[in-house]
Amino acid sequence: MDLQVGVKVLLKNSANKYLLLERNFEKYPDISPTEKWDIVGGRINIGTPLIENLKREIFEETKLVLTDEPKLIMAQDILRADKHVVRLTYSAAIEGEPQLDDDHVGYQWLTSDEIKDLDNLDQYLKEVITKL
């Protein structure tokens with residue numbers, strides 16, 4: 001079984017809204033359309049500290065620069081037939097509007113209540129949102 005580690009982050013702006021990214025299903029056809037919305041993040045580069053990986057993912061996906069000290073809010077296991085992904089999710093404040101990479105086709109800033117009302121969230125993000 002392949003072991004991977006991923007970092008994710010719930011980015012909150014000064015209006016107390018969280019950044020959700022709309023996945024590009026043409027680039028990732030294996031992801032279910034019922035999991036349209038996710039947050040910034042991805043796999044770590046081995047040998048690089050977690051927070052550096054988190055900052056890299058934020059910049060790659062949004063062109064935003066993390067200036068806040070992120071806080072770890074949840075660790076999850078994603079178990080698939082051939083791999084085990086340990087997903088560490090952080091929260092952090094951020095300023096500015098994202099400029100998306102080709103992994104995503106849109107974004108929204110939403111309150112925690114608005115996010116809880118969405119139907120098509122990433123299944124692991126749903127677990128995180130219940131903790132807000």
Side-chain angles (χ1 to χ4, degrees):
M1 181 175 272
D2 184 31
L3 174 64
Q4 298 176 2
V5 177
V7 288
K8 292 279 194 171
V9 62
L10 265 170
L11 295 171
K12 188 186 334 185
N13 67 14
S14 59
N16 288 321
K17 292 187 174 189
Y18 296 96
L19 179 63
L20 289 188
L21 303 178
E22 183 179 356
R23 288 178 161 148
N24 181 348
F25 292 115
E26 288 182 14
K27 186 165 181 183
Y28 297 104
D30 56 323
I31 296 175
S32 169
T34 62
E35 296 184 348
K36 174 180 174 179
W37 296 102
D38 197 11
I39 54 178
V40 173
R43 303 292 187 271
I44 68 163
N45 292 332
I46 296 172
T48 304
L50 293 171
I51 300 305
E52 285 184 36
N53 280 285
L54 193 63
K55 289 178 180 180
R56 174 185 49 78
E57 287 290 342
I58 292 168
F59 188 77
E60 285 177 2
E61 294 184 11
T62 68
K63 300 299 183 254
L64 296 173
V65 176
L66 183 66
T67 56
D68 187 32
E69 183 66 31
K71 295 172 181 57
L72 181 64
I73 58 174
M74 182 173 267
Q76 297 164 299
D77 292 301
I78 302 172
L79 300 171
R80 303 244 160 72
D82 60 341
K83 69 178 137 182
H84 179 179
V85 180
V86 175
R87 177 171 156 165
L88 303 170
T89 302
Y90 294 82
S91 66
I94 197 108
E95 294 180 15
E97 289 298 316
Q99 298 173 29
L100 302 179
D101 65 357
D102 64 349
D103 288 352
H104 304 98
V105 295
Y107 71 91
Q108 292 188 67
W109 291 101
L110 300 172
T111 66
S112 59
D113 288 337
E114 290 170 329
I115 295 170
K116 290 173 186 175
D117 288 339
L118 285 179
D119 291 329
N120 38 7
L121 286 179
D122 170 84
Q123 64 179 322
Y124 300 100
L125 176 55
K126 284 180 186 177
E127 290 178 33
V128 173
I129 293 303
T130 63
K131 305 295 183 194
L132 292 179

Taking distance alone, no hydrogens or angles, what donor-acceptor pairs closer than 3.5 Å link side-chain atoms of residues 80-90 to residues at least two apart or in another chain?
from  : atom 1 : to     : atom 2 : distance (Å)
His84 : NE2    : Asp77  : OD1    : 2.7
Arg87 : NH1    : Asp122 : OD2    : 3.2

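Looking at heavy atoms from C-beta onward, Trp109 lies in side-chain contact with Glu97 at the 4.5 angstrom threshold. Residues Thr111 and Asn16 are not in side-chain contact: their nearest non-hydrogen atoms beyond the backbone lie 4.5 Å or more apart. The side-chain heavy atoms of Thr62 and Ile94, taken from C-beta on, include no pair separated by under 4.5 Å. Between Val9 and Leu66, every side-chain heavy-atom pair lies at or beyond the 4.5 Å cut-off.
Counting non-hydrogen atoms of neighbouring residues, nucleotides and ligands closer than 6.0 angstrom, the CD atom of Glu95 reaches no more than 12 such neighbours. Environment of CG in Leu3: crowded, with over 12 heavy atoms of neighbouring residues, nucleotides or ligands closer than 6.0 Å.
The distance from atom CZ of Arg23 to atom CD of Glu35, rounded to the nearest 0.5 Å, is 6.0 Å. Separating the OH atom in Tyr18 from the CG atom in Leu110 is a distance of 11.5 Å, to the nearest 0.5 Å. Within the model, atoms CD of Glu61 and CZ of Arg56 stand 9.0 Å from one another, a figure rounded to the nearest 0.5 Å. Rounded to the nearest 0.5 angstrom, Glu57 CD and Asp103 CG are separated by 8.5 Å. Interatomic distance, CD of Glu22 versus NZ of Lys36, reported as 4.0 Å (0.5 Å rounding). How far CG of Leu11 is from CG of Asp68: 9.5 Å, rounded to the nearest 0.5 Å.
Placement of Ile58 and Ile44 within a single hydrophobic cluster is found when ILVMFWY residues are connected by side-chain heavy-atom separations under 4.5 Å, directly or transitively. Residues Leu64 and Val7 are members of one and the same hydrophobic cluster, defined by side-chain heavy-atom contacts under 4.5 angstrom among Ile, Leu, Val, Met, Phe, Trp and Tyr. Neither Val5 nor Ile78 shares a network with the other; the hydrophobic side chains, linked directly or stepwise wherever heavy atoms of I, L, V, M, F, W or Y lie under 4.5 Å apart, form separate groups for each. Linking ILVMFWY side-chain heavy atoms closer than 4.5 Å, directly or via other members, places Leu20 and Ile129 in a single hydrophobic cluster. Residue Ile39 is not grouped with residue Leu19 when hydrophobic side chains (ILVMFWY) are merged at heavy-atom distances under 4.5 angstrom, including chains of intermediate members.
Annotation: side chain to side chain donor-acceptor pair (under 3.5 Å) contacts involving residues 3-13, sequence neighbours excluded, comprise Asp2-Gln4, Gln4-Arg43, Lys8-Asp38.
Distance alone, capped at 3.5 Å, is enough to place a donor-acceptor pair between the Asn53 side chain and the Thr48 backbone. Although no hydrogens or angles enter the test, the distance criterion places a donor-acceptor pair under 3.5 Å between the side chain of Asn24 and the main chain of Asp102.
The cationic atom of Lys126 (NZ for Lys, CZ for Arg) does not lie both less than 6.0 Å from the six-membered ring centre of Tyr124 and within 45° of the ring axis.
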